[in-house]
Amino acid sequence: MELMDMIRNRRSIRKYLKQPVEREKLDLIAEAGLFAPNPGGRQGTRIIMLDDPETIEKIGVVNADCENRNWDAGVSKDQPSIIDDKSIRSGFYGCPALAMVCIRRDKKTMVNPIGSAFVCAQNMVLEAYALGVSSVIVGRAEATFARPGMREYLDRWGLDPDYMPIVFVCLGYIDGPYPAVKTRNEGRYLYVGR
Ligand SMILES: Cc1cc2nc3c(=O)[nH]c(=O)nc-3n(C[C@H](O)[C@H](O)[C@H](O)COP(=O)(O)O)c2cc1C
């Protein structure tokens, strides 16, 4: 598939089979993140990949609890989020693998840390799509690991204490049919010529 078709067709998926994602695919998805553009060429992000469903579920419940779930509008009808369906307990939707993109805790010592993390995540979701793996980008990482006892996970995994996760990428095989492309709102692109 052409890159543009992948960009058009990729969707955020929130219904996953329990089927694990192959290690080789997880490594390729992480590598795509590592090859993302990065301010000043500093390669300042770090990626943690976790594929233990029990731990993912525990962290996911804390993640969902960090969100105010009473938004004034829904997010997705075909792939309901924790905003749309209050019975969903985990902000990671039962995905079998979870990537965490990390930046320096002291944000001042890194150029554009949040932008760096999100372009990394975007590369990862596109590579995942190319490999037939579904995904969704999930926020609230800072808030999740700020909760009591949560930093211990990062210490156990050996993340440099100067770093913290800023964004999650849920990964897994879709449960059900792949949703259709969302149409784009009009008037978002202005070509001004020469
Ligand atoms: C910065 C960012 C943060 C996001 N955070 C969440 C999130 O916390 N939970 C979630 O279910 N989806 C999250 N999403 C996914 C969006 O809801 C999704 O991209 C949007 O609804 C458009 O749907 P689509 O990706 O299927 O086109 C996030 C996306 C971005 C880019």
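Atoms within each ligand, like the ligands themselves, are counted from 1 in listed order. Computed over heavy atoms, backbone and side chain alike; hydrogens, waters and symmetry mates excluded. Remember, predicted model here, so these are calculated numbers, not experimental data.
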Quiz prompt | Results of side chain to side chain contact (heavy atoms under 4.5 Å, CB included) for Arg8 - residues two or more places apart only | solution = Met4, Asp5
Where ligand 1 meets [X] - atom numbers and elements under 4.0 angstrom, heavy-atom basis:
X: Val75; result: 17 (O), 21 (O)
X: Arg11; result: 24 (P), 26 (O), 27 (O)
X: Lys182; result: 21 (O), 22 (C), 23 (O)

Quiz item: For the residue pair Phe145 and Phe168, does the interplanar ring angle fall in the parallel (under 30°), tilted (30 to 60°) or perpendicular (over 60°) class?
Solution: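 Answer is tilted, since the angle falls between 30° and 60°.
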Quiz item: Is Arg10 in polar range of ligand 1, meaning some N or O pair under 3.5 Å apart?
Solution: yes
Self-check item: Test of proximity, Val136 against ligand 1: N or O pairs below 3.5 Å
Solution: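 N/O-N/O distance below 3.5 Å does not exist for this pair.
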Please determine whether any non-hydrogen atom of [X] lies less than 4.0 Å from an atom of ligand 1.
X: Gly139; result: yes
X: Tyr93; result: yes
X: Gln122; result: no

Quiz item: Looking at atom 31 (C) of ligand 1, would you say a protein heavy atom lies below 4.0 Å from it?
Solution: no
Self-check item: Sequence-distant partners of Arg46, salt bridge (Lys or Arg N to Asp or Glu O under 4.0 Å), two or more places apart
Solution: none
Exercise. List the closest protein heavy-atom neighbour of atom 18 (C) of ligand 1: residue, atom name, distance to the nearest 0.1 Å.
Key: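 Here the closest protein heavy atom is Ser12 OG, 3.4 Å.
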